[in-house]
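Protein chains get the first letters and strands the later ones, always in sequence-line order, with residue 1 at the start of each. Predicted model only: the values in this text are computed from it and were never measured.
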4 protein chains.
Amino acid sequence: MKRNTDKYQQILTAAIRVFAHRGFSQSTISQIAQEAGVADGTIYLYFKNKDDILVQFYERMTEIVSNRFWEAVNAGKTAVDQLYNLIHAHLALFQSEPFGAIVYQGETHLQWRLVQEPIRQMSKMYRDVITRIVDQGQKEGTIRGDLYVGLVKRLINGAVDEVINTWIHTGRDHDLAAMAEPLVNLFIQGIGTPQGQKGVSPTPLKSINEINAVT
Amino acid sequence: MKRNTDKYQQILTAAIRVFAHRGFSQSTISQIAQEAGVADGTIYLYFKNKDDILVQFYERMTEIVSNRFWEAVNAGKTAVDQLYNLIHAHLALFQSEPFGAIVYQGETHLQWRLVQEPIRQMSKMYRDVITRIVDQGQKEGTIRGDLYVGLVKRLINGAVDEVINTWIHTGRDHDLAAMAEPLVNLFIQGIGTPQGQKGVSPTPLKSINEINAVT
Amino acid sequence: MKRNTDKYQQILTAAIRVFAHRGFSQSTISQIAQEAGVADGTIYLYFKNKDDILVQFYERMTEIVSNRFWEAVNAGKTAVDQLYNLIHAHLALFQSEPFGAIVYQGETHLQWRLVQEPIRQMSKMYRDVITRIVDQGQKEGTIRGDLYVGLVKRLINGAVDEVINTWIHTGRDHDLAAMAEPLVNLFIQGIGTPQGQKGVSPTPLKSINEINAVT
Amino acid sequence: MKRNTDKYQQILTAAIRVFAHRGFSQSTISQIAQEAGVADGTIYLYFKNKDDILVQFYERMTEIVSNRFWEAVNAGKTAVDQLYNLIHAHLALFQSEPFGAIVYQGETHLQWRLVQEPIRQMSKMYRDVITRIVDQGQKEGTIRGDLYVGLVKRLINGAVDEVINTWIHTGRDHDLAAMAEPLVNLFIQGIGTPQGQKGVSPTPLKSINEINAVT
DNA sequence: TATGAATGAGCCTTCATTCAT
DNA sequence: GATGAATGAAGGCTCATTCAT
């Protein structure tokens, strides 16, 4: 089970490409082997079984993503800068690894049991990052004080994911990273006008803690 | 191939329950037959093949969702009301049909080729709905004028999906529909403070049309 | 998992024939299916897996053998009659089921883990039968009193098995059951002459109980 | 294909140990290589293929057994002594080489085609040894004159094998060689009493030659 | 000589689909 | 219409064997 060799990378990359095209469950070892230019049996010298390929991918992806995201946030001075950096890093990473992006977005729900752990880590990391940004912004006075971070995380994460998914399903022909700026603008300002927002309740929810506890 | 009979519904419902638990690719006709209380062969009297079950589900779901969403929007007076009604209808529907929600959210990416058409319709419908709301809000002066509707649609759709996914993965133990209000608040107001937003560019993107064209 | 149907028997019989020719481990499901005239998949409607075929065979065999042997012994009046009946029943049964005999004799040692339980039962039954005969003979005064039944069982069982094995490996061209009489004669009289036996120690072993305890 | 080197022995010994634990068919070259502390490929420098390992083992075993058995018999003065020496040598040898014993006993039937030749030699040698002993005993007047040597060989060989098998399957925890004496006693005297044997026919079989010819 | 990475044929098993009843 | 036994193609995985180093 030699890992971190050239052939390991070669197979992993090929596998992700195949998974991206046919989905994990519909992909076969033979297809991966062919894509990687090795024999079927060779795959089992580097991966325990088919599931293991996906797990390895998620673990690596989680690590890479985590590093990139924290770097991005740390490089920002103001909360808004940090948010922008985060979104931009997210979009740029997935744009540079479109197959990885497709697999990551697609299999997360279906192979939940398999990749639960990396996904949980990723989710927690994302929440921590958002928490950091919100805290900073609240100190600066640029971010509202009455926010449930869990929901903000889902707002941002969900919107970014959807932008990525649209990019994937429309043939990846526009510049994904360029969406960072308008996205951040929407996150910060919302879609309402200042005057219109007077009528919008500041959502005095009863069970703030309960909701916050969810994620 | 009689559709719209009791047995048809019985099988479709059973299939969705099974798909929700094991994923489409990992579900077998036998499991569905057992869950539905019919023989394996009977399924082929109502569905062309396994794929057809999923396609039928997506088509029905799309139709139902479409009706509900337009109803919801039409019932709102102001743009904000309409948006709230839309989000609430979305969350409430998926809360009342958790298995359908799981399948819908999970298989959309993976079975893309299979369900492309209903998904496109759904996406277009969602965009139309959002367009209507935004138009109305802009007339009212409650929604900003400088918005790219495609991106707003992805913001809202993505955030709602993420809220639903979190609900699914945390055991469906909190009230999903109750998230409508805080979500709408975030969409309208954003997470920034009025004063802080002075420094945020109104995103004078060059390629508005290009981006808008995407979805 | 329908058992006791015609097709079940058909497959089991075919499997034993194949196992007899190539050995269990070297036999393939496809070979069995072909021999039985069914599709590969059909086998799995009647057997859990390949191992299960062998286990089923051993369980059935053990039951049949057990019944036949007790019947045979019960039909004998004197101990010598009973022993003859036992040996004859054993040889006749295996002669009538040569493939079963080959598999039974051949796989017992190698698939020990798999068929441990039926083999233990069979071994215990054999020992019980021998015990019964020896007891009866000792009462009659026709069987020596200084015997360790466990060893007698191994003597008889081993000799009969070897006779069967020789029959198998020499092409099954002589009458196996006819060997019962000379075999019993050897068991009873031994190979020595009455006068020569004066010099043979009656084996006053120290640890009779210990040895007896073995089987 | 250098044979008789240290490494050759090392691999052969390891192979027998592995075969004893998992059976020949279930053992892999990798397991043997690991047990022997060499690389997989190295095995093919000393053995033609996997089958060849078993064949080599049987050939060596046959030679060793043959030498030991003849030595044992030659060392005996009377026929009974010789028989005792033979049985004792057999049991002692297998007790000292339990893995060899397990493999020898277990694979003989299953790998018949593979090891037919050594087995035939072994069987012939055993028959020759028994013939010698019987001849000598008949001259001495200590062995009955009306014996079919082939059957006597099967009686003795089968009983000894069964004793060995029982020893193997009961965890090899009793002294195998010590069974020689009671076994010989049973062979010589039989299990009947002198008086009871009056009624036992001296088996005047018609087809003595036919039966004798078998092995 | 020795190694062990690579190969690919072959096996067990699953399961969508068919069809005789 | 309804059944479920039967099919057989296809997939994951193993492992004996080879060969470049």
Side-chain angles (χ1 to χ4, degrees), chain A residues 1-2 5-8 11 25-34 36-53, chain B residues 1-2 5-8 11 25-34 36-53, chain C residues 1-2 5-8 10-11 25-34 36-53, chain D residues 1-2 5 7-8 11 25-34 36-53:
Chain A
M1 204 88 356
K2 300 278 163 207
T5 66
D6 277 359
K7 201 150 268 178
Y8 173 88
I11 292 169
S25 286
Q26 313 274 16
S27 301
T28 71
I29 291 291
S30 288
Q31 287 163 355
I32 297 168
Q34 183 156 34
V38 299
D40 291 22
T42 304
I43 291 180
Y44 292 88
L45 297 176
Y46 298 91
F47 298 88
K48 225 167 54 231
N49 50 37
K50 193 184 159 192
D51 285 359
D52 190 37
I53 304 177
Chain B
M1 200 87 3
K2 296 282 167 200
T5 65
D6 275 0
K7 200 152 268 181
Y8 173 87
I11 292 169
S25 286
Q26 312 276 14
S27 300
T28 71
I29 292 290
S30 285
Q31 287 163 353
I32 296 168
Q34 182 159 34
V38 300
D40 291 22
T42 305
I43 291 179
Y44 289 86
L45 298 175
Y46 297 90
F47 297 88
K48 223 164 60 226
N49 50 36
K50 191 184 161 191
D51 286 358
D52 190 38
I53 304 177
Chain C
M1 203 91 352
K2 299 280 165 208
T5 65
D6 276 0
K7 200 150 270 180
Y8 173 88
Q10 183 181 336
I11 292 169
S25 287
Q26 311 275 17
S27 301
T28 71
I29 291 291
S30 287
Q31 288 163 353
I32 297 168
Q34 183 156 34
V38 300
D40 291 21
T42 304
I43 290 178
Y44 291 87
L45 298 176
Y46 297 91
F47 298 89
K48 228 167 53 232
N49 51 37
K50 192 185 159 192
D51 285 359
D52 190 37
I53 304 178
Chain D
M1 201 88 1
K2 296 281 168 199
T5 67
K7 202 154 267 182
Y8 172 87
I11 292 169
S25 286
Q26 312 275 14
S27 300
T28 71
I29 291 290
S30 285
Q31 287 163 353
I32 297 168
Q34 183 157 35
V38 300
D40 292 21
T42 304
I43 291 179
Y44 289 86
L45 298 174
Y46 297 91
F47 297 89
K48 224 165 58 225
N49 52 35
K50 192 184 161 191
D51 286 358
D52 190 37
I53 303 177

(request) Assign A:Ser25 to base, sugar-phosphate, or nothing according to its heavy-atom contacts below 4.0 angstrom with the strands shown. (result) nothing
(request) Report which part of the nucleic acid D:Thr5 touches: base, sugar-phosphate, or nothing (heavy-atom distance under 4.0 Å, all strands). (result) nothing
(message) If you assign each of B:Lys50 and A:Leu45 to its closest nucleotide in DNA chain E, which residue comes earlier from the 5' end?
(response) A:Leu45
(message) Assuming nearest nucleotide by heavy-atom distance, tell me which of A:Gly37 and C:Asp51 is located more 5' along DNA chain E.
(response) A:Gly37
Atom-pair distance ([atom1] on [X]; [atom2] on [N]), nearest Å:
| X | N | atom1 | atom2 | value |
| --- | --- | --- | --- | --- |
| B:Gln31 | E:dT14 | CD | P | 12 Å |
| A:Tyr44 | E:dG8 | OH | C1' | 13 Å |
| D:Asp40 | E:dG4 | CG | C1' | 7 Å |
| B:Lys48 | E:dA16 | NZ | C1' | 15 Å |
| D:Tyr46 | E:dA2 | OH | C1' | 8 Å |
| C:Gln34 | E:dC11 | CD | P | 12 Å |
| C:Ile43 | E:dT13 | CD1 | C1' | 11 Å |
| D:Gln26 | E:dC12 | CD | P | 11 Å |

(message) Pick the closest DNA chain F nucleotide for D:Asn49 and for A:Asn49 by heavy atoms, then say which residue is nearer the 5' end.
(response) A:Asn49
(request) Could you check D:Ile29 against B:Ala39 and say which one's nearest nucleotide on DNA chain F is further toward the 5' end? (result) B:Ala39
(message) Give me the atom names and distance for the closest heavy-atom approach of A:Ile32 to A:Ile11.
(response) CG2-O, 4.2 Å
(message) Quick check: closest heavy atoms across D:Gln26 and C:Ser25, and the distance to 0.1 Å?
(response) NE2-OG, 3.2 Å
Which value, rounded to the nearest 0.5 Å, describes the distance between [X] atom [atom1] and [Y] atom [atom2]?
| X | Y | atom1 | atom2 | answer |
| --- | --- | --- | --- | --- |
| B:Asp52 | B:Tyr44 | CG | OH | 10.5 Å |
| C:Tyr8 | C:Ile53 | OH | CD1 | 9.5 Å |
| A:Lys2 | A:Phe47 | NZ | CZ | 14.5 Å |
| C:Met1 | C:Lys48 | CE | NZ | 8.0 Å |
| C:Gln10 | C:Ile43 | CD | CD1 | 10.0 Å |

(request) Determine the stems involving DNA chain E; a stem requires 3 or more consecutive pairs of the Watson-Crick or G-U wobble kind, each with both distances below 3.5 Å, and the answer is none if no such run exists. (result) E:2-21 with F:2-21
(message) Can you see if the side chain of A:Thr42 gets near the phosphate of E:dT7 - specifically, an N or O under 4.0 Å from OP1 or OP2?
(response) yes
(request) Using chain A heavy atoms and a threshold of under 4.0 Å, write down where along DNA chain F the contacts begin and end, 5' to 3'. (result) F:dG11 to F:dT14
(request) Taking the side chain as every heavy atom from C-beta outward, state whether C:Gln31 and C:Gln34 have any atom pair closer than 4.5 Å. (result) no
